[in-house]
Amino acid sequence: MCGIVGYVGERDAVPVLLEGLRRLEYRGYDSAGIAVQTPDGLGWRKSVGRLTELEQALAANELHGRPGIGHTRWATHGEPSTTNSHPHLDGTGRIAVVHNGIIENYQALRDALGACGHTFQSDTDTEVLPHLIEAELAQGAPDSETALRQALQQARGAYALGVLFADQPDTVYAARLGSPLIVGIGDGEYFIASDVPAIVKHIREVIYLNDGEIAVLTPDGVTVKNLEGEVIEHKRHPVAIAPEAAERAGFETFMLKEIHEQPRVLRSLLESHLTDTDRVHIPDIGFSDDYFQLLRRIMIVSCGTAYHAAMYGKFLLEHLTGLAVETDLGSEFRYRSPRIERDTLFVAVSQSGETADTLASLRLAREMKCKVCSICNVVGSSLVRESDSILYTEAGPEIGVASTKAYTAQLLAFALFSIHVGRARGELSDARAAALVKALAAVPDAIHYVLERADRIRAIADKHHDGPSALYLGRRFNYPTALEGALKNKEISYQHAEGYAAGEMKHGPIALINEYMPVICVCTQTDDEVYDKMISNVREVEARHGRIIALATDGDRQVADLAEDIIYVPPISEEFSPLVNVVALQLLAYYAAQARGTDIDKPRNLAKSVTVE
Ligand code: AGP
C-alpha cells in the first residue's frame with residue numbers, strides 16, 4: 001500500500017525523502033512524488049512507475065528544500081498517472097498533502113467544494129483534502145493547524161497524512177485515522193513514516209500516533225494533539241530494530257535473506273519462550289490457566305499467508321488442547337453474521353498488524369465482548385494496541401512482499417501457544433509436553449538442512465518453472481503447507497498454482513492432471529495413516545502421468561520410486577513438519593520466480609501491508 005515519509009531538519013529534504021521512499025518500496029506502489037519548501041514556495045516532482053523515474057525527473061529538473069514530504073502510491077481511486085500521484089495540492093499551490101488510506105465521503109466533499117469554485121486535477125479521493133484545508137483558511141480559520149483540524153473533522157474513512165504549507169516554514173503536520181503512521185525522533189531532526197524501517201537509521205525514538213491525532217513537527221520538537229487541539233502526552237519508545245535489519249546483508253533480495261534468517265529467528269523465538277527446565281512460558285499471554293480451563297472456543301481470523309498459519313493453528317490447537325477452533329478470512333468474517341459468544345477467545349494473526357480486514361474483524365469481536373489475543377510481528381501496530389494479549393513473532397522487519405520468516409514464526413507461535421493452552425487445560429501431560437518441546441527444538445536445524453540443499457531445489461525449479469500451472473497437495477498439518485506453497489509461487493513467479501487438500505483432489509482438480517502438470521506433493525513421513533493416504537494420492541497423480549515433485553523424508557524409497565523429482569527434508573515430527581516443509585516450498589517458488597525473471601521483492605500489483613479493504 002502507499003508509503004509516506006516526511007522530514008524536518010537542517011538537511012536538504014530531497015535525498016532524505018528519496019532514501020526513505022526507497023525503503024518503503026516493498027509496500028508496493030505504482031507512482032511516487034515529493035514536495036519540499038523552497039524559498040519560492042512549495043516545489044514538487046511526481047512520476048509514474050518506480051522511484052528511478054522520480055530520480056530521473058529530479059535530475060532533469062533539480063529540486064532542493066526543507067522540510068518535505070514524500071509518497072509512494074498504490075492506486076485505488078484513479079489509474080497510476082502523474083496527475084494522480086501524490087503530493088496533491090490545493091488550488092493555490094500552497095498546501096501539499098500525501099495520504100495513505102481512503103476518504104470514503106470524498107465524492108460528497110468534492111461536489112460541495114466544486115460548487116464553491118474548487119477545481120480538481122486528479123481522479124483521487126485525496127485531492128479533496130488540500131482543497132478542504134484551503135477552504136477552511138478562506139473561511140477564516142486562524143492558522144494552518146486549525147484549518148487542518150477542521151478539514152479532518154469533515155473527512156470520513158481512513159488516513160495517514162503528511163501535510164506541508166508554503167506559509168508555515170520548518171513545519172510538517174502528520175495525522176492518523178486507521179492507517180499506520182509513526183513519528184521518528186533523531187538528533188535535532190524529526191521524521192514521519194509509514195513504518196520504522198523506512199527511517200530507522202536516522203532515529204532513536206518513536207511515537208506511535210493513535211487514531212484521531214495530529215502531530216506538529218518543527219525543529220524544536222514534536223507536539224501531538226487531538227482533533228480538538230488539546231495536547232496529548234505521548235510515550236516515546238526506543239527503536240527496537242537494528243538499522244542492519246533493513247538491509248539486504250549481501251543477499252540478492254530481501255526475500256532470500258529472510259528465507260535464510262528462519263533458523264535464527266525460530267531458535268530465538270523458542271529460546272525466549274522456554275524456561276530453564278524446557279517448559280513453554282509465554283510471559284505476556286495475560287490469561288490465567290483458569291481462563292483457559294473455562295474457555296469453550298477459539299476463533300482465528302487473518303488474511304493471506306497469515307490465514308494459512310491460522311489453519312495450521314486450528315489443526316494444532318484441536319490436536320493438543322481439545323478446544324473447538326474455527327478459522328475465517330478477515331474479509332469474510334466481517335461481512336457474515338458470525339455467532340461468537342463472549343466465552344470465545346478471538347485470535348488475530350498478522351505480520352504487519354495493520355491489515356484492514358483483520359483489524360475490522362478484531363473490532364467486531366471486541367463489540368461482541370470477546371477477549372482478543374493477537375499473534376503479530378510489529379511492535380506498536382494497530383492490532384497490538386487493540387488486543388488484550390500479544391504473542392509477538394519476533395521475526396524482525398520483513399521487507400520482501402512475500403511473507404516467509406513471519407509465516408514460520410507464526411507457526412511456531414501457534415505451536416508454543418497450543419502447548420501452553422494444552423498444559424493449562426490439563427490435556428497434555430508433563431511427558432507429552434516435554435516431548436513436543438524436544439521436537440520443536442529440532443526445527444531450526446532441520447530448516448538449516450533444507451537451506452543447505454537449496455541448489456537441488458533450484459535445479460528442480462529450473463526444470464519445471466515454465467508451465468502455465470502447478471498443483472500443490474498436502475494433508476492434515478501439511479494441507480496449509482500446500483496452500484502456502486502455491487500462494488508463494490503465484491505471488492512471486494506469476495505461475496498459476498493451486499493448493500489442495502490431497503484427499504479432495506478426486507473431487508475436481510484431478511481433471512487438470514496430464515503429462516505436463518507439475519504436482520508438488522507434500523508427503524513427509526508420519527507414523528500414522530495420513531502418510532499412507534498421501535501415498536495413495538500420489539499414486540493417483542502417477543496413474544494420470546502428472547509430473548510428481550515430492551517433498552519427502554530423507555531416505556524414503558517409496559516416494560522416490562513414484563516421483564520425477566524429490567526434495568528431501570530431515571525426519572521431523574508430523575505436528576511440526578510444516579515449519580520445515582514450507583521452507584523448501586519457499587525456495588522452490590523463489591527459484592521459479594528467478595528463472596521467470598520477475599521482480600521478486602516487489603511483485604506486480606501486490607502490497608506488503610494491505611491497509612484498505
Ligand atoms: C504474504 O506472502 C502475502 N503477501 C499476504 O498474503 C499477507 O500474508 C496478507 O496480506 C496478510 O498480511 P498481514 O500478515 O500483514 O496481516
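Side chains are part of it too, since the values below use all heavy atoms of this structure and drop only hydrogens, waters and symmetry mates. Whatever order the structure lists ligands and atoms in, that order sets their numbers, starting from 1.
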Hey, looking at atom 9 (C) of ligand 1, which of C303, A589, S403 has the closest heavy atom? C303
Taking the side chain from [X] and the backbone from [Y], do they hold a donor-acceptor pair closer than 3.5 Å?
X	Y	answer
T321	L323	yes
R366	L362	no
D125	I103	yes
Q351	Y407	no
D565	I549	no

To the nearest 0.1 Å, how far is [atom] from its closest protein heavy atom, and which atom is that?
atom	result
atom 14 (O) of ligand 1	Q351 N, 2.7 Å
atom 10 (O) of ligand 1	V610 CG2, 4.0 Å
atom 15 (O) of ligand 1	S352 OG, 2.6 Å
atom 12 (O) of ligand 1	T355 OG1, 3.4 Å
atom 1 (C) of ligand 1	T305 OG1, 3.1 Å

Any atoms of ligand 1 less than 4.0 Å from a non-hydrogen atom of [X]? List them with their elements.
X	result
V401	2 (O), 4 (N)
A306	8 (O), 14 (O)
A402	2 (O)

Should the proximity of E491 to ligand 1, defined as any heavy atom under 4.0 Å, be assigned to the side chain, the backbone, both, or neither? side chain
Does at least one non-hydrogen atom of [X] fall below 4.0 angstrom from an atom of ligand 1?
X	result
S609	no
L606	no
K488	yes

CA sep, side-chain torsions, deciding dist, call: Y590, Q586, side-chain hydrogen bond (donor to acceptor under 3.5 Å, both in side chains): CA-CA 6 Å; Y590 185 88; Q586 292 167 353; over 6 Å; no
Can you tell whether the side chains of R23 and E19 come within less than 4.0 Å, N to carboxylate O? yes
Which one of E394, R267, H281 satisfies the side-chain hydrogen bond (donor to acceptor under 3.5 Å, both in side chains) criterion with S272? E394
Taking both backbone and side-chain atoms of G353, is any N or O found less than 3.5 Å from an N or O belonging to ligand 1? no
Any chance NE2 of H448 has more than 12 other-residue heavy atoms, nucleotides or ligands included, within less than 6.0 Å? no
